[in-house]
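Just below is one structure, and these are the notes that go with it.
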Amino acid sequence: MSKKLLLKDAHIEGIRYFDVYRKQGGYNAVEKALKMTPEEILEEVKTSGLRGRGGAGFPTGMKWSFLAKPEGVPRHLVVNADESEPGTFKDRYLMEYIPHLLIEGMIISSFCLGSNASYIYIRGEYSWIPDILEQAIEEAKQAGFLGKNILGTGFDLEIYVQRGAGAYICGEETALLESLEGRRGNPRLKPPFPAVKGLWERPTVVNNVESIAAVVPIINITGAEYAKIGVGRSTGTKLISACGNINKPGVYEIDMTITVEEFIYSDEYCGGIPNGKRLKACIPGGSSVPIVPANLLLRTINGEPRYMNYESLADGGFATGTMMGSGGFIVLDEDQSIVEHTMTLARFYAHESCGQCTPCREGTPWMYKILKKIHSGQGTMEDIDLLWDIQRKIEGNTICPLGDAAAWPVAAAIRHFRDEFEWYVKNPELSQKQNYGLANY
Ligand code: L3W
Ligand code: SF4
């Protein structure tokens, strides 16, 4: 059984409210941290090995140590709660059920970074969650954990909740900052990174909800103890939101030592595939990461079991492996059509492109158009090659990672399932009536 750090109290009735959360030891980490120096907290986070839980897996302690500290310039912490990656809903779970964990993590992190005004930027579609967060903020304030002179330490902190308007691109950190400043969410060129020039050109740390929540157990148990959980550079626990063709969709906290096979088939997690169907493929890290066929998902190229952690999922590079990403685990059974699935994703990315870069603005709708043509039985073999060519021209040639995110699913689908694309071309009448999955798998 995986160790629980973030969700250990999630089952307790009323844990959303301050009194219940406090009774379970909530805000003890704030009391402990405010007796430490910011440098000591930073050391704990570095020692923990915590890596960003939003998708990139960048070491959190390292990001914090990059924060510029020019004399007299305010600094900010911004929590990225714009969880829009298809298949990803673990931050929603945290904010909805245990909002105080995020607020507690923000107080500690803000103290460490020297932020007196910190922000939660939340996606517009999570319309009911800002009220939950604002209530938690108010409760924490009433109890003296927020506002002026917190616990008599002289540290002041206000936390503001800002709603997005429902644009995927605003989850990209610089687009998020643009939106927070009141402009259209267009990504900025990096460098400068937000740690140097972020919100209102001030040094800013942007971290995912889960990353900031993880700071609470790190302070409670120490960074060294946190680092003992997990394996290699995949320390601590990770929330996985599992969906698709599984018996038990939901949010699971894993300690990154379990195999992918165990995660899919054991009753503790996904509980297997409904109706005894076979596993066809999986996208383990949210829609942007490469899709992997079952054989490569369960075993690496060397025949070793694949594990649910950053290194093992990426083992074999893009040609064979995939990525941990945001932990949005999407399972596809034998009846699913990869062409249809890829087309749906292509439509999403084409719709969400902000339009600043030509390869992304022009390439994403073009890929969708070709996929639609192939899916409807009107495609040609040349269309498959053209699709491959377009995705290659997008990857690496754009301002922000949305371009790559749109290219990778197409690349991986063609790489691993080219025969399926060809089936759609060779069987135009059949492709109108049934999916390749049903006909041939
Ligand atoms: C200062 C340097 N800071 C890097 C910081 C940087 C950022 C973090 C990671 O994209 C990925 C993307 C999605 N000085 C720095 C530095 N940083 N070098 O480190 O940066 P980066 O560029 O590796 O990634 P990113 O731009 O943050 C994130 C993928 O995650 N993804 C996620 C999608 C959506 C969600 C969601 O809905 N929750 O996560 C899924 O795979 O495609 O590749 O903070 O500033 N020298
Ligand atoms: Fe906008 Fe796409 Fe360029 Fe990102 S890659 S800045 S979404 S056009």
Side-chain angles (χ1 to χ4, degrees), residues 86-89 240-252 254 258-309 312-316 318-325 327-346 371 374-375 377 384 408-427 430-441:
T88 311
F89 45 90
I240 305 288
S241 53
C243 63
N245 301 120
I246 47 173
N247 282 314
K248 292 168 59 192
V251 177
Y252 297 99
I254 62 160
I258 60 170
T259 62
V260 175
E261 192 159 7
E262 189 184 347
F263 185 69
I264 295 176
Y265 290 102
S266 96
D267 280 340
E268 194 187 338
Y269 305 107
C270 302
I273 298 173
N275 307 316
K277 297 271 182 192
R278 283 179 299 165
L279 175 69
K280 182 172 184 179
C282 176
I283 302 171
S287 64
S288 309
V289 312
I291 189 168
V292 241
N295 58 336
L296 279 173
L297 174 73
L298 303 180
R299 308 242 147 221
T300 66
I301 195 90
N302 299 323
E304 304 286 324
R306 210 180 271 281
Y307 291 88
M308 295 283 292
N309 63 51
S312 188
L313 283 169
D315 187 278
F318 283 134
T320 52
T322 179
M323 281 163 75
M324 177 67 118
F329 198 87
I330 308 168
V331 178
L332 278 70
D333 74 13
E334 60 187 283
D335 289 347
Q336 304 307 317
S337 159
I338 301 295
V339 172
E340 186 169 309
H341 179 80
T342 311
M343 178 184 73
T344 306
L345 287 183
L371 280 157
I374 296 172
H375 182 254
I384 304 173
W408 291 344
V410 173
I414 298 178
R415 183 180 296 124
H416 296 304
F417 297 96
R418 190 174 173 111
D419 53 348
E420 185 164 332
F421 283 82
E422 291 181 359
W423 180 86
Y424 273 86
V425 172
K426 287 180 200 155
N427 298 280
L430 279 181
S431 66
Q432 305 284 328
K433 298 188 199 111
Q434 58 187 319
N435 280 335
Y436 173 89
L438 280 170
N440 281 321
Y441 188 70

inquiry  = side chain to side chain contact (heavy atoms under 4.5 Å, CB included) for Asp333 and Asn275? Distances and angles first, verdict last.
reply    = CA-CA 10 Å; Asp333 74 13; Asn275 307 316; over 6 Å; no
Mind checking whether [X] and [Y] have side chains closer than 4.5 Å, heavy atoms only?
X	Y	value
Trp408	Thr322	no
Leu298	Arg306	no
His416	Leu296	yes
Ile258	Tyr269	yes
Phe329	Tyr252	no
Val289	Ile283	yes
Thr320	Arg415	no
Ser337	Tyr424	yes

Which atom pair, heavy atoms only, marks the closest approach of [X] to [Y]?
X	Y	value
Met308	Met324	O-CE, 3.6 Å
Cys282	Leu297	CB-CD2, 3.3 Å
Cys243	Pro249	CA-CB, 4.3 Å
Leu371	Ala346	CD1-CB, 3.6 Å
Ala242	Phe89	O-CZ, 3.6 Å
Thr300	Pro305	CG2-O, 4.3 Å

CA sep, side-chain torsions, deciding dist, call: Val292, Leu313, side chain to side chain contact (heavy atoms under 4.5 Å, CB included) = CA-CA 10 Å; Val292 241; Leu313 283 169; over 6 Å; no
message = Evaluate Thr342 against Ile414 for side chain to side chain contact (heavy atoms under 4.5 Å, CB included), listing each step before the verdict.
response = CA-CA 10 Å; Thr342 311; Ile414 298 178; over 6 Å; no
Can you tell me how far [atom2] of [Y] sits from [atom1] of [X], rounded to the nearest 0.5 angstrom?
X	Y	atom1	atom2	answer
Glu422	Ile374	CD	CD1	10.0 Å
Asn295	Leu279	CG	CG	9.5 Å
Ile254	Asn309	CD1	CG	8.0 Å
Ile301	Asp315	CD1	CG	9.0 Å

note = side chain to side chain contact (heavy atoms under 4.5 Å, CB included) with Asn245: of Lys280, Arg278, Lys277, Gln336, only one passes, and it is Gln336
ask   = Between Thr259 and Glu304, is a side chain to side chain contact (heavy atoms under 4.5 Å, CB included) present by the stated rule, with each step listed?
value = CA-CA 10 Å; Thr259 62; Glu304 304 286 324; over 6 Å; no
inquiry  = Quick check against the 3.5 Å criterion: does Thr88 have a side-chain atom that pairs as donor or acceptor with the backbone of Gly327?
reply    = no
